[in-house]
Amino acid sequence: MGYIDTKKSTKAKVTTVGNTPINVVIAPRSPSGADSESLLTTIFKSVKSLFVGMKVTIGYLVRPSTVVTQQYPENRETLKMFDRFRGQLRLIKDENNYMNCNGCNFCEIACPNGSIVITDQRNPVNEKLELERFLWRLDSCTFCNACLQACPHDALEWSDGFEAAVYDRRLLVYTLNDYAGPPVKAINRAKKKEDRVEELLATMEPRKQYGGPVPLAGRKMPGVPALETENTKDNASPKHK
Amino acid sequence: MNPAELTHTIVFYGLALVSIVAALLVVTVKRIFRAAVALATVLVCGAGFYILLDYDFIAGIQLLVYVGGIVILIVFAVMLTSSLEDTEIRPSKSRKALGIISSLGFLATALIAFQSTSFPLSAPTPEQPSDVALEIGRKLLGYGSDGYVLPFEIISLLLLSAVIGAIVVARNPLKKSSDLSGQSEQSDGSAT
Amino acid sequence: MSFVPGLFHWLCLSTILFSIGLYGVMTRRNAVGVLMSVELLLNSAAMNFLIFNHFAAKPFIDGAVMALFIIAVAAAEAVVAMALFVAIFRSRKTVDVTQIDTLKG
Amino acid sequence: MLENLLTHSAFEILTLSDRAAQALAENPWEAAGYTLLALGGTGAFLSLLGMALIYVERKVAAHFQCRLGPMRVGWHGMLQSIADALKLLQKEDIIPEKADKLLFFLAPVFSIIATVLALIIIPMSPSLQVVDLNIGVIFISAVGGFGVLGILLAGWSSNNKWSLLGAMRAGAQFISYEISVTLSLLVITLLAGSLQLSEIVQSQQDGWWIWRGHIVGVVAFFVFIISSTAELNRPPFDLPEAESELTGGFHTEYSGLRFSFFFLAEFINMFIASALGATLFFGGWMPFHIGGFETFNSIMDLIPPGLWFAGKTAFIVFLMMWVRWTFPRLRVDQLMRLEWKFLLPVGFINLFAAATIVLTKLYFFPGQ
């Protein structure tokens with residue numbers, strides 16, 4: 001019994017600590033306790049409980065279907081991760097590869113260890129702020145899910161991918177967005193108004209997965225080829241630099 | 001000398017050598033734990049001697065009680081009263097001399113006595129009871145003129161009182177017995 | 001003189017073991033060491049019983065019964081001795097028999 | 001030949017030591033050959049059986065826990081034990097600086113010697129037994145003392161507090177549970193009227209003692225299984241090497257070959273305990289016989305005795321593994337309470353009951 005059943009408690013008294021009176025409820029003894037049982041009943045029950053445990057384990061032994069082990073490299077093609085598995089962070093994209101994220105920075109604020117860095121730019125067509133680069137550092141991410149909870153636009157999700165082994169730590173810094181440009185909402189709104197859609201879409205410029213600014217302050221590591229970088233030093237440098 | 005007799009002789013002298021060396025180690029080695037291991041060797045050799053004398057049952061009991069019980073108890077006593085780095089201080093010269101003189105004196109006296117006495121040996125190959133264990137059991141519980149039931153009962157009383165006495169002596173008087181439940185060698189009378 | 005072990009050879013063996021034990025009892029300073037030497041003494045005494053039984057009274061096994069008694073007494077003795085050593089060590093922090101002499105006055 | 005097989009007298013006991021003794025009078029070289037065969041056979045059997053048992057234990061444990069166990073080396077990981085043995089052999093042999101090096105070296109030897117000594121008197125089949133001592137039951141519980149002496153030596157000589165604590169726990173546990181094991185062995189000794197293992201097996205010609213001795217046999221069997229599990233330091237009684245409290249217990253400081261000696265001894269001891277249980281309670285290599293039903297008995301005799309022994313031993317080994325992977329570890333005081341307040345009185349009462357049953361011949365098929 002992990003709680004005190006106040007209805008059953010027969011004893012209650014008031015004691016004083018200093019000048020403060022305190023109600024003390026004396027918890028009743030558990031009815032299933034050993035005191036109220038005979039020794040033989042206790043022995044019988046405990047022996048029976050042993051057999052219950054043994055029944056459970058033999059059940060696992062004789063039913064191979066209960067095995068949960070995955071033979072990983074062999075079953076790579078058929079391996080299906082679980083619904084709640086948190087592999088890698090990903091931006092949700094629709095069938096046209098447009099994303100929901102509008103660069104509102106909520107996830108960056110929510111992230112407890114600064115694994116997300118978002119830079120924005122102003123779209124030259126509609127003068128709105130939009131996502132320029134969504135950087136996610138797997139190497140410092142704790143997969144706490146705070147970014148997903150903070151996102152007001154339903155723009156983030158977890159993917160199944162867990163094979164993130166690399167030879168260079170810098171490769172664990174991902175640019176999550178495929179393009180810099182307006183979110184899908186802005187595009188749809190422009191489509192409804194037939195309002196310079198082509199021009200808006202033309203502002204989208206592609207982003208590469210590792211195309212972001214080089215972390216580790218741009219240092220080169222011996223034996224590792226330099227990352228392919230864009231010359232975006234002026235306006236796209238991460239904020240933490 | 002036939003092969004069986006030869007084997008018998010070789011085994012006897014081999015065991016004797018091992019057991020005398022081990023016995024010397026028991027009384028001279030400075031690290032007390034090594035002495036305990038040497039004692040175990042002596043006792044195992046003793047069991048071997050009993051087998052040579054055709055008392056297999058006694059040899060089994062010797063192994064069971066001495067190696068399985070007494071040596072382990074002694075090892076426990078060593079573990080509880082000293083640490084690995086402890087070495088015994090050498091006895092003083094006079095004590096050593098006294099020990100050597102008295103033990104050698106005893107040895108010499110006894111050997112001279114043995115040499116000069118002619119023991120009434122039984123026939124060279126007399127019949128041994130076919131089942132020694134059975135015969136010992138009969139003797140131990142027999143209450144006739146050749147029975148040992150009274151000594152047997154006294155021995156069992158002695159063992160009982162030794163067990164109880166050991167528990168009483170080894171119990172820590174500073175603590176209540178309920179505090180001891182966490183200690184393996186002292187809870188519930190397992191000090192034996 | 002034959003080398004086949006006869007009564008005299010066996011008696012020599014048990015007497016040598018006994019005198020070694022005697023030496024140990026007289027010179028050991030650690031109480032546990034004294035106990036071990038006493039075990040040597042008891043062991044050689046039991047062996048003596050069996051030797052005489054084997055060579056002098058073959059059809060009977062009273063010597064074996066005596067050896068059993070000796071083993072039982074040795075067990076009882078070891079139990080009590082261990083309890084005493086532990087108790088002494090607890091109060092005096094030593095089991096050196098030359099140091100435990102408060103009764104000397 | 002067939003008639004011979006179909007009668008009980010077909011079980012002629014012929015141990016390796018008997019053959020050696022017979023040959024000694026005529027041809028000493030033949031005797032030496034038998035001795036070598038016994039030594040080499042025991043050694044090979046020891047290592048092969050150890051590796052097989054380790055593999056089986058890992059597989060069974062895995063499936064009890066919804067896992068697969070070793071799968072990579074060989075088919076379904078069959079060669080995993082060999083790979084592990086090779087790895088252990090290649091490991092650096094570390095002896096602690098402050099250890100008592102002589103005793104540190106001796107400890108695993110003691111352990112393995114105890115195991116070998118116990119192994120040689122197990123009757124696996126009428127013709128497959130190394131020595132048939134007439135004090136078999138006493139011998140087997142006596143050599144157990146060497147094993148625990150090895151553990152105590154290991155704990156002491158490592159000069160490590162965890163090792164020492166583990167060793168002392170092992171010693172206390174062994175001495176305590178040895179009493180219960182001996183009491184349950186005595187029950188069968190009473191029923192069979194012999195200490196010799198082969199005679200105990202042959203006394204079960206009309207039925208195994210576990211059901212011929214009805215209640216007494218069953219109680220003795222359970223006491224035996226519980227206390228021998230405790231003596232083997234197997235979970236749920238594995239306090240001497242409780243990883244979560246004592247890192248590795250007595251073998252914390254051991255590595256490489258020396259560690260593998262302890263490991264091997266532990267698994268072979270499990271086999272010995274199971275084989276002993278099978279021999280005493282399930283008739284060893286004796287087929288399933290019911291006194292009086294000669295036709296049934298001769299059908300049962302068609303299965304070779306070695307298979308009967310292997311099957312019964314495997315069953316008890318499996319029982320031990322089942323228990324190990326089901327129950328959590330006991331506390332030290334619970335362990336001691338179980339022995340001194342429960343198993344010991346039960347064992348004594350059972351022994352008295354057994355004596356009464358033997359005197360009044362209340363067990364099944366008291367004839368002969």
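Keep in mind it's a predicted model, so treat the numbers as computed, not measured. Letters A, B, ... are given to chains in the order of the sequence lines, protein chains preceding strands, and every chain is numbered from 1.
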J.: Out of B:T81, B:V29, B:L107, B:L52, return the one with the most heavy atom pairs under 4.5 angstrom to chain C.
T.: B:T81
J.: Give the member of B:V78, B:I100, B:I101, B:V71 that has the highest number of heavy-atom pairs under 4.5 Å with chain C.
T.: B:I100
J.: In terms of relative ring orientation, are C:H9 and B:F12 parallel, tilted or perpendicular, with 30° and 60° separating the classes?
T.: perpendicular
J.: What part of B:L39 gets within 4.5 angstrom of chain C, counting heavy atoms only: side chain, backbone, both, or neither?
T.: side chain
J.: Which bit of C:I51 is near chain B, if near means a heavy-atom gap under 4.5 Å: side chain, backbone, both or neither?
T.: both
J.: For the CE atom of C:M82 and the CD1 atom of B:I70, what is their distance to the nearest 0.5 Å?
T.: 13.0 Å
J.: Where on B:Y66 is there a heavy atom nearer than 4.5 Å to chain C: the side chain, the backbone, both, or neither?
T.: side chain
J.: How many angstroms lie between CD in B:Q62 and CG in C:L50, if you round to the nearest 0.5 Å?
T.: 9.0 Å
J.: What part of B:L25 is in contact with chain C, defined as an atom under 4.5 angstrom from a non-hydrogen atom: side chain, backbone, both or neither?
T.: backbone
J.: Between chain B and each of C:L35, C:V34, C:V73, C:L40, count heavy-atom pairs under 4.5 Å; write down the option with the most.
T.: C:L40
J.: Please classify the contact of B:K96 with chain C as side chain, backbone, both or neither, using a heavy-atom distance under 4.5 Å.
T.: both
J.: Quick check on the interface: out of B:S161, B:G165, B:G99, B:A16, who has the most heavy-atom pairs with chain C under 4.5 Å?
T.: B:G99
J.: Checking heavy atoms, do the side chain of B:L140, its backbone, both or neither come under 4.5 Å from chain C?
T.: side chain
J.: At a heavy-atom separation under 4.5 Å, does B:S156 approach chain C through its side chain, its backbone, both, or neither?
T.: neither
J.: Name the region of B:A36, side chain, backbone, both or neither, that has any atom closer than 4.5 Å to a heavy atom of chain C.
T.: both
J.: Using non-hydrogen atoms only, which part of B:I155 is less than 4.5 Å away from chain C: side chain, backbone, both, or neither?
T.: side chain
J.: Test side chain to side chain contact (heavy atoms under 4.5 Å, CB included) on C:V86 and B:F76; report intermediate values, then the result.
T.: CA-CA 10 Å; C:V86 172; B:F76 258 82; over 6 Å; no
